[in-house]
Amino acid sequence: MAKGERKRALRGRAGRMKGGRGSGATPGNVRLWGRHPVEAALKNPARQHNKLWATREGIATLDGDLPEDFPIEYADPSDLGRLVAKDAPHQGLVLETAALEGAFLNEVAKGDPARPVVILDQVTDPHNVGAILRSAAAFGAACIVTQDRHAPPESGVIAKSASGALETVPWVRVVNLARALDELAEIGYWRIGMTGEAEATMAEAMPTGALAIVMGAEGEGMRHNIAAHCDAHARLPISSSIESLNVSNAAAIALYAAATRVTE
């Protein structure tokens, strides 16, 4: 079906939005909003979708066709605002979809020097996690790894900050982060913990082989046990005029450094 024909077909199924202010996704599902997150989720064959609420203008911005029987309900922008976080930029699109299945570390971390692994130790801000996912996608990271208890769940905020990368970068959730670092060492990864107190810079500490970049939470940094499971510690050579960088900015710079090094 051509894009224009698809829009006409969907127009015939338009209805009034149901659900009151603040109504959340049903258990096991998440709500995503904004063109890039929704479009990426719609194109992800691993997703199982429940419903798309949209304005006609929002539908017009999507790239690609929706199936004839796709559950869609048209709504005004103000109605869509009741389905998402306060003041969230939904851009006329709100999708309720099943949460993604978690990835397994040994399935996505293959020891490829060109594809670093990013480990996040107690990084809990969903905006930061989403931004790191976006940088991980941009620089070809194999995956991100977080601990179940100290990381935010999949959400519309993360998806919006990731700008589509939530659908393409595997997210490994583990019970024990130190054990995951041991597993990475067994695969052949050199584990670098990023800290402003390190003597060596990132460029000095990087190997030519497989690399795991460990980022700690802002303020507290890496926990002692996690730092002890790193092969080396490194810092970014930032100016002394500023104390530190936001963790998502630091992760992006570290990933750029890894992407531009000479590998085996």
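Note: hydrogens, waters and symmetry copies are ignored here, and every other heavy atom, side chains too, is used.
Rounding to the nearest 0.5 angstrom, the gap separating the CG atom in L66 from the CG atom in L52 is 6.5 Å. Separating the NE2 atom in H150 from the OG1 atom in T124 is a distance of 10.0 Å, to the nearest 0.5 Å. Distance check: L166 CG to L100 CG gives 5.5 Å after rounding to the nearest 0.5 Å.
Pairing each heavy atom of N50 with each of P71, the nearest pair is O-CG, 2.9 Å. For the pair V172 and A103, the tightest heavy-atom approach, listed with the atom from each and the gap, is CG1-O, 3.7 Å. A75 and T55 make their closest contact through O-CG2, 3.3 Å (heavy atoms, listed as atom of the first residue, atom of the second, distance). G111 approaches I187 most closely through the heavy-atom pair N-CG2, 4.0 Å.
Under the 30°/60° scheme for interplanar angles, the aromatic rings of F70 and H49 are found to be tilted.
No donor-acceptor pair closer than 3.5 Å links the side chain of Q147 to the backbone N or O of D121. Of the possible polar contacts, one joining the Y189 side chain to the K110 backbone as a donor-acceptor pair under 3.5 Å is found. Side-chain N or O atoms of S135 include none that pairs as donor or acceptor with a backbone N or O of I132 at under 3.5 Å.
Just one residue in the list Q91, H36, H90 forms a side chain to side chain donor-acceptor pair (under 3.5 Å) with K160, and that residue is Q91. Across E167, E39, E101, E96, a single residue satisfies salt bridge (Lys or Arg N to Asp or Glu O under 4.0 Å) together with R47, and that is E167.
Checking S161 against H127 by side-chain atom types alone, no donor-acceptor pair falls below 3.5 Å. In summary, the side chains of Q122 and R149 do not present any donor paired with an acceptor at a separation below 3.5 Å, with no hydrogens or angles considered.
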Please tabulate, for the side chains in residues 214-222, all donor-acceptor contacts under 3.5 angstrom to protein atoms that are two or more places apart in sequence or on a different chain.
from : atom 1 : to   : atom 2 : distance (Å)
E218 : OE2    : N128 : ND2    : 3.0
E218 : OE2    : N246 : ND2    : 3.2

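As a member of the Ile/Leu/Val/Met/Phe/Trp/Tyr network built from side-chain separations under 4.5 Å, F104 groups with nothing else and remains a singleton.
Salt-bridge annotation for D79 and R82: present, with a side-chain N of the basic residue lying under 4.0 Å from a carboxylate O of the acidic one.
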**Message:** As a quick check of understanding, evaluate side-chain contact (heavy atoms from CB on, under 4.5 Å) for I158 and L133, giving each step before the final call.
**Reply:** CA-CA 9 Å; I158 288 178; L133 279 165; 3.8 Å; yes
**Message:** If you apply the rule salt bridge (charged side-chain N to carboxylate O under 4.0 Å, His left out), what do you find for D63 with R35, and how did you get there?
**Reply:** CA-CA 10 Å; D63 177 30; R35 184 174 71 83; over 6 Å; no
**T146/W171 under side-chain contact (heavy atoms from CB on, under 4.5 Å): CA gap, chis, key distance, verdict** = CA-CA 8 Å; T146 65; W171 184 347; 2.9 Å; yes
**Message:** Run the side-chain contact (heavy atoms from CB on, under 4.5 Å) test on V174 and R179 for me, step by step, so that the C-alpha distance in whole Å, both residues' side-chain angles and the decisive distance to 0.1 Å come before the verdict.
**Reply:** CA-CA 9 Å; V174 298; R179 192 176 302 143; over 6 Å; no
**Residue pair L236, T201: steps toward the side-chain contact (heavy atoms from CB on, under 4.5 Å) verdict** = CA-CA 6 Å; L236 297 175; T201 64; over 6 Å; no
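Not a single salt bridge (Lys or Arg N to Asp or Glu O under 4.0 Å) links R235 to another residue, sequence neighbours left out.
Within the cation-pi definition used here (under 6.0 Å to the ring centroid, within 45° of the axis), R31 does not qualify as a partner of W33.
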